Each structure stands twice: as C-alpha cells, then as structure tokens.
Amino acid sequence: MANVFITEYCKLGMDQQGKMVLAGFEPAVAEQVIANPVASTQSSALNALTTFVMVHVDAAAHVKFGANPTAVTTAGHMSAGETRFYAVQPGQSIKIAAINGA
C-alpha cells in the first residue's frame with residue numbers, strides 16, 4: 001500500500017551569493033498525496049506555476065504524467081522509499097496518476 005507524495009515547485013533555490021542550488025524553492029507551490037492507489041488514481045491538475053515536482057513513494061508504486069493519465073504496473077516503477085524529480089511544462093493542466101506496485 002503506497003502513498004504517493006507530490007511536492008510542486010516553480011523554481012530552484014539560491015544561495016547567499018545568488019547562485020542557483022539544486023533544491024526546490026520553499027515554500028512549495030502546492031503539495032498533494034495520492035493515498036493507497038489500489039487502481040490507477042489521478043492527482044489534481046498541477047498548479048499553473050509548477051515547473052518541476054518531487055515525487056516520493058513510501059512503498060513501491062508506478063506513476064504516469066499527462067492530461068488524463070492512467071498508471072499501469074508495467075511502466076513508471078518507483079521503489080519503496082524512492083524520491084524522484086520530474087520537470088513539467090507549466091500551465092498545461094498536467095496530472096499524475098499512480099497505482100500500487102510490487
């Protein structure tokens with residue numbers, strides 16, 4: 001039983017010298033959770049300002065991005081405890097679908 005945690009960011013952070021760092025600028029634009037997706041379950045559409053997302057799963061799961069995505073157990077695998085970052089096109093009403101994996 002996976003929970004899929006989605007954190008949406010609009011830009012990278014900066015250090016005190018104004019140099020970009022490879023970390024999302026907080027506060028995040030939005031956060032969502034897809035709880036225990038036994039069947040393919042979609043998130044809400046990402047915020048129009050979102051340019052990249054951090055996806056974390058606490059158990060094995062599969063994810064798919066799109067306007068009307070359907071997650072399947074043969075693609076988009078994420079292992080238990082894994083965190084990944086994905087870039088997305090802002091303003092496109094993108095959703096993330098997830099389903100529990102093995």
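What you see is a predicted model, and the numbers here were worked out from it, not measured in a lab.
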Please give me the minimum heavy-atom distance between [X] and [Y], naming the atom from each residue.
X	Y	result
Ser40	Ala97	OG-CB, 3.7 Å
Thr83	His56	OG1-ND1, 2.6 Å
Tyr9	Ala28	CE2-CB, 3.9 Å
Ala59	Ala2	O-CB, 3.6 Å
Ala45	Gln32	O-NE2, 4.1 Å
Lys95	Ala67	CD-O, 3.8 Å

If hydrophobic residues (ILVMFWY) are linked whenever their side-chain heavy atoms come closer than 4.5 Å, directly or via other members, who joins [X] in its cluster?
X	result
Phe5	Val33
Phe65	Val4, Ile6, Ile34, Leu46, Val53, Val55, Val57, Val63, Met78, Tyr86, Val88, Ile94, Ile96
Met14	none

(request) Hey, could you give me the CZ/NZ distance between Phe52 and Lys11, rounded to the nearest 0.5 Å? (result)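 That separation rounds to 10.5 Å.
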Tell me if a side-chain donor or acceptor on [X] pairs with a main-chain N or O of [Y] at a distance below 3.5 Å.
X	Y	answer
Asn3	Asp58	no
Thr41	Ala39	yes
Ser79	Ala60	no

(request) State which residues pass side-chain hydrogen bond (donor to acceptor under 3.5 Å, both in side chains) with Asn100; sequence neighbours excluded, sorted by chain then number. (result)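 Counting only residues at least two positions away or on another chain, Asn100 forms a side-chain hydrogen bond (donor to acceptor under 3.5 Å, both in side chains) with Asn36.
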(message) Going by side-chain hydrogen bond (donor to acceptor under 3.5 Å, both in side chains), name the residues that satisfy it together with Glu82, two or more places apart in sequence or in a different chain.
(response)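 In terms of side-chain hydrogen bond (donor to acceptor under 3.5 Å, both in side chains), with neighbours along the sequence ignored, Glu82 is linked to Arg84.
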Flag the pair [X] / [Y] as yes when at least one side-chain heavy-atom distance between them is below 4.5 Å, and no otherwise.
X	Y	answer
Lys64	Thr70	no
Gln42	Asn68	yes
Leu12	Leu22	yes

(request) Kindly state each residue pair satisfying ring-ring contact (aromatic ring centres under 6.0 Å, His included) with at least one member in residues 13-46, sequence neighbours excluded. (result)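 Those involving residues 13-46 do not exist here.
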